[in-house]
Amino acid sequence: MTVLGIESSCDETAAAVWSDGSILSNIIASQAIHEQFGGVVPELASRAHHKTIWKTVNQALEEAQVSLDEIDAIAVAQGPGLMGSLLVGLSFAKGLSISQEKPIIGVNHIDAHMYANFIEHEEVYPFLALIVSGGHTRLVHVDKLFSHNVLGKTRDDAAGEAFDKIGKLLNLDYPAGPVIDKLSKKGDPGFHDFPRSMINKGLDFSFSGLKTSVLYYTQEKGDAFVQEHLNDICASVSGAITDVLQVKLKRGVKKTGVKNIMLAGGVSANSMLRDKVGMMAQKMGLNLMIPSSQYCTDNAAMIAVTGALKAREGHYDDLHIKPFARLQES
Ligand code: KG4
Ligand code: ZN
């Protein structure tokens, strides 16, 4: 079985080829145009996808040394995401499906972040997944393939959104998550005690209070102080976000009694989070799955592997498939 994966839900145009359990290529064309705006501009994202999608898919096929003829199915991100961006990928996939007479499989982008773990780890159930990306933060219990229960989610900002918005306050480049991660390594997480909202109760998350707290702190201290102590401030912010994530994950493990846990989504590339959750898993004797960093942030390998899992279960779509901007579930 060989699956072509296509991802265009936000600002990465990506294509990948999965074949019989391995990823043969994983091409990502990032859209630098958004940097100057400090966030993704939807119309520009759609245009950039349109410009690069054919080239990206071709590159993925070439690198995998697979021809379009040899593809058994086309998996494509169906949502959630930016409607215009999703439409580019989905329409392209439909065109290929018609011209090549290959079946199409719509893939949920959030599911794909989780199942990206099965590129490098053995497929096991049940598991508890902490999905932390720019658009979503949720704790999900998966009892079997494509069957899950949402235990907790953010009431306001997603974890990645918190990193990015706080980065903007600190005048860092977009997306700020990786920048804050890098600067944090040279700083002291105990430098300032930023709030860890809702850490003591439940499985839901809230990060907007932290953002406001950083705003007041930087206003009070002034630019010169912030510049002088940037590494320490970044480390303290990372400490606050990752403490909350790790504590909620631990609470979820205790509640469900699972032995398998995973991190998924862009923020799972964060080194402090990986360290904290790694230590926790070791102490509690848990099987921890984390994707290597190329499969944490948006990519098409995760779409291809999830498409292959759907194909295995006989879950194919037809040309009526439509994009969706938001998750349908609560
Ligand atoms: O999963 P993703 O690529 O896109 C969405 O589906 O949202 O996640 C992007 C998010 C951004 O907010 C980015 O700042 C964050 O992931 N991110 C990180 C790191 N790498 C990416 N946040 C913290 N530390 C990182 N190393
Ligand atoms: Zn994503």
Side-chain angles (χ1 to χ4, degrees), residues 5-14 16 26 28-31 34-35 38-40 42 45 76-82 85-86 89 107-117 129-138 140 153-154 157-170 172-185 187 189 205 207 210-211 234-246 262-277 290-303 305-306 324-327:
I6 297 175
E7 156 65 37
S8 72
S9 56
C10 192
D11 59 342
E12 321 276 5
T13 317
N26 183 35
I28 302 173
S30 295
Q31 303 179 354
H34 307 289
E35 276 164 27
V40 178
V76 59
Q78 191 181 355
L82 300 170
S85 291
L86 288 165
V107 170
N108 180 307
H109 178 91
I110 307 296
D111 280 356
H113 271 304
M114 283 195 301
Y115 293 116
N117 274 291
L130 176 65
I131 307 168
V132 273
S133 70
H136 298 270
T137 294
R138 39 179 53 206
V140 170
K153 55 184 189 295
T154 183
D157 294 344
E161 193 179 359
F163 272 113
D164 295 340
K165 286 180 173 171
I166 290 169
K168 208 167 182 177
L169 296 174
L170 300 173
L172 302 175
D173 287 343
Y174 177 87
V179 185
I180 293 180
D181 188 4
K182 199 169 153 207
L183 298 178
S184 297
K185 288 178 188 158
F205 305 82
F207 293 108
L210 170 64
K211 180 187 62 193
C234 284
S236 302
V237 166
S238 301
I241 295 177
T242 55
D243 269 357
V244 172
L245 295 175
Q246 183 259 316
M262 63 164 65
L263 298 182
V267 181
S268 57
N270 184 269
S271 50
M272 208 183 271
L273 180 64
R274 291 166 90 105
D275 288 350
K276 282 182 186 169
V277 172
I290 311 181
S292 57
S293 55
Q294 59 177 330
Y295 303 132
C296 286
T297 42
D298 287 351
N299 65 86
M302 69 183 196
I303 304 296
V305 74
T306 310
F324 58 89
R326 295 186 164 275
L327 279 177

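Only a predicted model underlies this, so the values are computations on that prediction, with no experimental measurement involved. Read the numbers this way: they start at 1 and go in the same order the structure lists the ligands and their atoms. Counting begins at 1 with the first residue of the sequence.
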For ligand 1, run through the N/O pairs with the protein that fall under 3.5 Å and put one pair on each line.
from, atom 1, to, atom 2, distance (Å)
ligand 1, 1 (O), His113, NE2, 3.0
ligand 1, 1 (O), Gly266, N, 3.0
ligand 1, 1 (O), Asp298, OD1, 3.2
ligand 1, 3 (O), Asp298, N, 2.8
ligand 1, 3 (O), Asp298, OD1, 3.3
ligand 1, 4 (O), Asp298, OD1, 3.1
ligand 1, 4 (O), Asp298, OD2, 3.2
ligand 1, 6 (O), His109, NE2, 3.2
ligand 1, 6 (O), Asp298, OD1, 3.2
ligand 1, 7 (O), Gly134, N, 2.8
ligand 1, 7 (O), Gly135, N, 3.3
ligand 1, 8 (O), Gly134, N, 3.4
ligand 1, 12 (O), Gly160, O, 3.1
ligand 1, 12 (O), Asp164, OD2, 2.7
ligand 1, 14 (O), Asp164, OD1, 2.7
ligand 1, 14 (O), Gly177, N, 3.1
ligand 1, 20 (N), Gly266, O, 3.4
ligand 1, 24 (N), Gly177, O, 3.4
ligand 1, 24 (N), Asn270, ND2, 3.1
ligand 1, 26 (N), Asp181, OD2, 2.9

Is the closest side-chain heavy-atom distance between Ile110 and Pro80 below 4.5 Å? yes

When you measure from the side chain of [X] to the backbone N and O of [Y], does any donor-acceptor pair fall under 3.5 Å?
| X | Y | answer |
| --- | --- | --- |
| Arg274 | Ser268 | yes |
| Glu7 | Ser9 | yes |
| Thr137 | Ala159 | yes |
| Asp164 | Ala176 | yes |

Can you list the steps and then say if Asp181 with Ser271 is a side-chain hydrogen bond (donor to acceptor under 3.5 Å, both in side chains)? CA-CA 7 Å; Asp181 188 4; Ser271 50; 2.5 Å; yes

Return a table of donor-acceptor pairs under 3.5 angstrom between the side chains of residues 234-241 and protein atoms on other chains or two or more places apart.
from, atom 1, to, atom 2, distance (Å)
Ser236, OG, Asp188, O, 3.4
Ser236, OG, Pro189, O, 3.4
Ser236, OG, His192, N, 3.1
Ser236, OG, Asp232, O, 2.8
Ser238, OG, Ser184, OG, 2.8
Ser238, OG, Cys234, O, 3.0

With Asn26, which residues qualify under side chain to side chain donor-acceptor pair (under 3.5 Å), at least two apart? none

Angle between ring planes, Phe207 versus Phe205, binned at 30° and 60°: parallel, tilted or perpendicular? parallel

Distances under 2.8 Å only: what protein N/O/S atoms are near the Zn ion (ligand 2), ordered by chain and residue? His109 NE2, His113 NE2, Asp298 OD1

